[in-house]
Amino acid sequence: MASYSSSSNPKSDSLEVGNVEDFKVHVFKSSSELLEKLHEKWNKVEKKPYPAMYSSTYGGIILDPALMVIPMDDHMVHRGHGVFDTAILLDGYLYELDVHLNRFLRSASKARIPSPFDRLTLRSILVQLAAASQIKKGTLRYWLSAGPGDFLLSPTGCPTSAFYAVVIDEDFNQCKEGVKVITSSIPMKSPQMATMKNVNYLPNILAKMEAEDKGAFASIWMDEKGYIAEGPNVNVAFITHDKELIVPFFDKILSGCTVLRLLELAPKLVESGCLKAVTTRNITVEEAKSSAEMMFVGSTLPLLPIIEWDEKPIGNGEVGELTLALSDLVWDDMVAGSTETQRTAVPYV
């Protein structure tokens with residue numbers, strides 16, 4: 001019988017086998033045997049993180065996590081030919097579903113992936129999936145793939161594209177504690193790749209890991225001209241000492257739905273005299289590091305204060321009042337925004 005011992009390093013990329021000659025790979029001889037094994041795994045999980053999934057390859061909604069799988073020959077798996085998006089599920093409402101869905105379809109067009117359904121059908125599937133999950137707070141993530149078919153590079157052998165979606169039982173709250181960031185040494189994506197929300201996230205992952213290795217939360221990307229771009233999966237914004245809110249241009253980065261909503265809401269603080277201006281423009285590293293306040297902007301945050309960059313404080317090194325005020329604006333919109341434009345009620349049964 002083979003014996004196994006994991007390396008003392010939790011991030012070890014190898015598994016030591018006591019006697020390779022004695023190691024035998026089990027062959028599952030029936031689908032029922034495999035399903036029993038999968039159920040055995042999931043029965044050990046106290047709280048199921050994925051209460052519901054939709055798969056166009058199955059043709060319906062799946063409630064059994066053991067069956068929440070996609071084909072290995074799906075081109076999104078082995079070639080990265082897929083796009084995705086997300087929506088927040090809060091208090092039984094989907095926040096900015098239509099905005100995210102519109103971006104999703106723009107990404108699909110850029111990736112040359114036709115949808116198997118029209119927009120209204122996609123939207124209906126997502127709403128029905130949220131209802132089937134019975135989850136009132138979490139995230140709804142969805143993907144459009146070139147589809148299963150073969151292991152070649154071109155998708156011409158794929159009979160049809162595939163649509164997948166999953167509801168994640170996820171708790172999140174308004175972020176009010178400050179975090180540290182670093183400047184990333186990982187090259188950012190080209191504008192063509194960065195402006196579509198595709199599944200090729202290896203640069204993003206490496207940038208995040210690089211930050212974690214240095215005791216930081218995440219990293220900051222700069223473009224080839226030295227202007228601030230974005231974080232690994234979030235936008236970034238700044239407040240100058242003159243109380244100007246600055247968001248970098250979106251010509252080379254993903255136009256985040258949350259930061260776009262922030263730009264719509266922030267003028268309220270200009271009207272109240274808290275801010276002097278709201279601007280989208282290029283910002284250099286020097287100007288960014290000398291800002292009074294800095295923040296990440298993303299769906300589940302919705303704003304995350306940044307208090308240190310490359311071991312130097314941002315402003316006075318504390319969470320800024322204007323950052324929190326902007327966070328309150330977006331959070332209030334998520335909780336109590338218009339049910340006609342911002343929040344879609346989930347029809348639970």
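Only heavy atoms go into these numbers, but all of them, side chains included; no hydrogens, no water, no symmetry mates.
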Legend entry - Close side-chain approach of Val319 to Ile307, heavy-atom, < 4.5 Å: yes
Legend entry - side-chain contact (heavy atoms from CB on, under 4.5 Å) between Phe238 and Leu245, intermediate numbers included: CA-CA 6 Å; Phe238 306 87; Leu245 173 64; over 6 Å; no
Inset, instruction - Would you indicate whether the side-chain heavy atoms of Tyr227 and Val285 approach each other to under 4.5 Å? - result: no
Legend entry - Exercise: do Asp333 and Tyr95 side chains pair donor with acceptor under 3.5 Å: yes
Inset, instruction - Check the pair Ser290 / Glu286 against side-chain hydrogen bond (donor to acceptor under 3.5 Å, both in side chains), numbers first and verdict last. - result: CA-CA 6 Å; Ser290 65; Glu286 293 73 22; over 6 Å; no
Show which side-chain atoms of residues 66-80 pair as donor or acceptor with protein atoms under 3.5 Å away, not counting sequence neighbours.
residue	atom	partner	partner atom	Å
Asp73	OD2	Gly149	N	3.3
Asp74	OD1	Met76	N	2.8
Asp74	OD1	Ser145	OG	2.3
Asp74	OD2	Ser145	OG	3.4
Asp74	OD2	Tyr164	OH	2.5
His75	NE2	Asp150	O	3.2
His75	NE2	Asp150	OD1	2.8
His78	NE2	Asp73	O	3.3
His78	NE2	Asp150	O	2.8
Arg79	NE	Leu152	O	3.3
Arg79	NH2	Phe151	O	3.0

Inset, instruction - For the pair Asn235 and Leu254, evaluate side-chain contact (heavy atoms from CB on, under 4.5 Å) and give the outcome as yes or no after the intermediate values. - result: CA-CA 8 Å; Asn235 291 102; Leu254 188 70; 5.6 Å; no
Legend entry - side-chain hydrogen bond (donor to acceptor under 3.5 Å, both in side chains) partners of Thr121, counting only residues at least two apart: Asp118
Legend entry - Electrostatic pair Glu264:Arg261 at N-O distance under 4.0 angstrom: yes
Legend entry - Donor-acceptor contact present, side-chain His81 to main-chain Val199, <3.5 Å: no
Inset, instruction - Assess whether atom NZ of Lys48 is packed by more than 12 heavy atoms of other residues, nucleotides or ligands within 6.0 Å. - result: yes
Inset, instruction - Please check if atom NZ in Lys289 has more than 12 non-hydrogen atoms from other residues, nucleotides or ligands closer than 6.0 Å. - result: yes
Inset, instruction - Salt-bridge test for Asp242 and Lys276: reply yes if a basic N is under 4.0 Å from a carboxylate O, no otherwise. - result: no
Legend entry - Test item: Ser184 side-chain N/O and Ser219 main-chain N/O as donor-acceptor pair under 3.5 Å: no
Inset, instruction - Answer yes when Asp171 and Lys137 have at least one side-chain N-carboxylate O distance shorter than 4.0 Å, and no when they do not. - result: yes
Legend entry - Under 3.5 Å: donor-acceptor pair, side chain of Tyr348, backbone of Ile135: yes
Inset, instruction - Please test Lys214 against Glu311 for salt bridge (charged side-chain N to carboxylate O under 4.0 Å, His left out), starting from the C-alpha separation and ending with a verdict. - result: CA-CA 10 Å; Lys214 297 182 178 180; Glu311 301 183 340; over 6 Å; no
Inset, instruction - Mark yes or no for whether Asn198, through its side chain, and Met193, through its backbone, hold a donor-acceptor pair below 3.5 Å. - result: yes
Inset, instruction - Decide, yes or no, whether a salt bridge links Asp98 with Arg119 under the criterion of side-chain N to carboxylate O below 4.0 Å. - result: yes
Inset, instruction - Ignoring hydrogens and angles, state whether a donor on the side chain of Ser291 or Glu287 is under 3.5 Å from an acceptor on the partner side chain. - result: no
Inset, instruction - With sequence neighbours excluded, give me every salt bridge (Lys or Arg N to Asp or Glu O under 4.0 Å) pair touching residues 179-199. - result: none
Inset, instruction - Please name all residues satisfying ring pair (Phe, Tyr, Trp, His ring centres under 6.0 Å) with Tyr93, sequence neighbours left out, ordered by chain then number. - result: none
Legend entry - N/O donor-acceptor pair under 3.5 Å between Ser55 side chain and Tyr58 backbone: yes
Legend entry - Ring-face cation of Lys208 near Phe217 (centre distance under 6.0 Å, axis angle within 45°): yes
Inset, instruction - Under the ring pair (Phe, Tyr, Trp, His ring centres under 6.0 Å) rule, collect the residues that match up with His26, sequence neighbours excluded. - result: Phe28
Legend entry - Phe117: ring pair (Phe, Tyr, Trp, His ring centres under 6.0 Å) partners, not counting sequence neighbours: none
Inset, instruction - May I ask you to decide if Gly147's main-chain N or O and Ser161's side chain share a donor-acceptor pair within less than 3.5 Å? - result: no
Inset, instruction - Look at Arg343 together with Glu96 and state whether they make a salt bridge at an N to O cut-off of under 4.0 Å. - result: no
Inset, instruction - Using a strict 4.0 Å threshold on nitrogen-to-oxygen distance, state whether Glu244 and Arg281 make a salt bridge. - result: yes
